[in-house]
Amino acid sequence: VAEVERVGPIGLSDFKARFERPERPVVIAGGARSLRACELWNPAYLTERFGSVVIPYKLSRSHLHPDFHAQSLGQMFARESSTFAELLHAIGSGPKEERARRLFTGDERFLLRRRNGQTTIDPELGGLLDDVEVPELVPQARLYTVWGWFSGPGVRTWLHYDNNYCHNLNAQITGAKRCWLFPPSELGKLYPFPLAGQNPAHNCSQVDFEAPDLEKFPDFSGAERWEAQLSAGDLLFIPALWLHTFFHEGEFNSNVNFWWKPEQPLQSPVWARQVLLDAVAASGTDGKSSSPHAALLGALDRALQHAHYPKE
Ligand SMILES: O=C(O)CCC(=O)C(=O)O
C-alpha cells in the first residue's frame with residue numbers, strides 16, 4: 001500500500017511533468033480552495049438555488065454503489081427521482097444506513113460535456129458551475145466532461161475504472177472522502193466483470209473490498225494499492241484508467257470532477273481491454289453470455305487483462 005503524494009500549490013508545467021505525463025496520482029492540498037463553491041455550498045444554499053429541480057439519483061439497497069450483491073441487475077442499477085431539495089433532505093437527516101442509500105452523480109445528469117468542439121451544459125444544473133471554475137491544470141481544449149457528486153456519510157462507490165480513457169481531476173468541495181487507487185497494470189488481480197459474462201459492468205471489479213472472497217479472487221490481496229485522504233478544498237488527480245473506489249466520510253459530501261483526454265495515453269491492460277470492449281460493442285457482436293463467441297471473447301478479455309506494457 002502506498003500513500004498518494006500530497007503537494008501544495010503546483011504550476012501547470014510541474015504538474016504535467018511530474019504527474020500528468022507519467023500518469024501518477026497526486027493530491028493537491030487546498031488546490032480547490034479558491035473555488036467559490038467551497039465557501040457557498042451547503043444544503044441550505046443549494047436548496048435555495050436549485051431545490052425545485054427534479055433530478056434522478058442512484059438508490060441502492062445498501063451503502064454500496066452499485067451493490068453487486070443485489071439479486072438482479074435492476075436492483076443493482078436502481079434509480080429514483082425527486083426534487084434536489086428532497087434529495088438533500090434525505091441524505092442529510094435520518095438513520096445513517098438510509099442516508100447512504102442515495103447518491104447523485106453526473107451519470108444521472110452531467111453538468112457539462114464537450115464533444116467535437118460542441119459544449120452542452122445542463123440547463124437546470126449548469127448553474128452550479130457559476131461557483132466552480134475549471135481548474136487551470138485542466139487543459140480547456142481537451143476538456144471532456146464535468147460531473148457533480150452529492151452524498152451523505154457512509155456511501156462507498158464500488159471499485160471501477162472510468163471507461164472514457166480520460167484523466168480526472170476531482171475537487172472535494174465539502175465533506176471528506178478516502179480513496180483507494182490501483183494502477184491499470186493491476187487489472188488482472190482485480191477481476192473485472194468479464195466480457196460475455198452475466199454482468200455488463202465490465203469496468204467494475206467483482207471483488208467486494210469490504211469482504212473480499214480470497215478463495216474466488218486469490219490474486220486480489222497482492223494488488224498494488226494507493227490511498228488518498230481528501231478534505232474540503234483538496235484536488236485529487238486520478239490518471240486515466242486507474243481503478244478507484246471512494247469511501248464517503250463527511251456529513252455532506254460534494255465534489256465536482258473534470259475529465260480530459262490525455263495527450264499521449266499510456267498503454268496498459270485496462271487500455272487494451274477497453275479497446276476490445278469498445279470494438280465488440282461497435283461491431284454489433286453480441287458480448288453477452290449467450291453469444292456464440294462467448295468462449296473466445298472471455299479468453300481474449302482474460303489475455304488482455306494480464307498483458308504487460310510496454311512490450312519488451
Ligand atoms: O466520489 C466517488 O465516490 C467516486 C468518484 C469517481 O468515481 C470519479 O471521480 O470518477
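In listed order, ligands and their atoms are each counted from 1.
- At least one test fails for Arg102 against the ring of Tyr57: distance under 6.0 Å to the centre or angle within 45° of the axis.
- Put simply, no part of Arg156 is less than 4.0 Å from ligand 1, judged by heavy atoms.
- Looking only at atom types and distance, the side chain of Arg114 has a donor-acceptor partner in the side chain of Thr119 under 3.5 Å away.
- A heavy-atom separation below 4.0 Å is found between His248 and ligand 1.
- Counting only heavy atoms from C-beta outward, the side chains of Lys96 and His63 never approach each other to under 4.5 Å.
- Residue-level proximity to ligand 1 for Trp147 is absent, since no heavy atom of it falls below 4.0 angstrom.
- Atom numbering of ligand 1 starts at 1 in the shown order; those under 4.0 Å from a heavy atom of His244 are 6 (C), 7 (O), 8 (C), 10 (O).
- Distances shorter than 4.0 angstrom occur between a heavy atom of Asn168 and an atom of ligand 1.
- Atom 1 (O) of ligand 1 has Lys177 NZ, 2.8 Å as its closest protein atom, hydrogens excluded (heavy atom only).
- Listed by atom number, the atoms of ligand 1 under 4.0 Å from Asp162 heavy atoms are 10 (O).
- Cation-pi contact between Arg113 and Tyr144: absent, since separation from the ring centre below 6.0 Å together with deviation from the ring axis within 45° is not met.
- Heavy atoms of Trp259 approach ligand 1 to within less than 4.0 angstrom.
- Smallest separation of non-hydrogen atoms from Ala240 and Glu23: O-OE1, 4.0 Å.
- If you look at Asn255 next to ligand 1, there are no close heavy atoms at all, none under 4.0 Å.
- Using a cutoff of 4.0 Å between basic side-chain nitrogens and carboxylate oxygens, Arg156 and Asp208 are scored as salt-bridged.
- At a threshold of 4.5 Å between non-hydrogen side-chain atoms, the residues Leu230 and Val27 count as touching.
- Within 6.0 Å of CD in Glu80 there are more than 12 heavy atoms belonging to other residues, nucleotides or ligands.
- In the vicinity of His160, heavy-atom distances shorter than 4.0 Å reach the ligand 1 atoms 7 (O).
- Interface of Thr157 with ligand 1, defined as ligand atoms under 4.0 Å from a residue heavy atom, comprises 2 (C), 3 (O), 4 (C).
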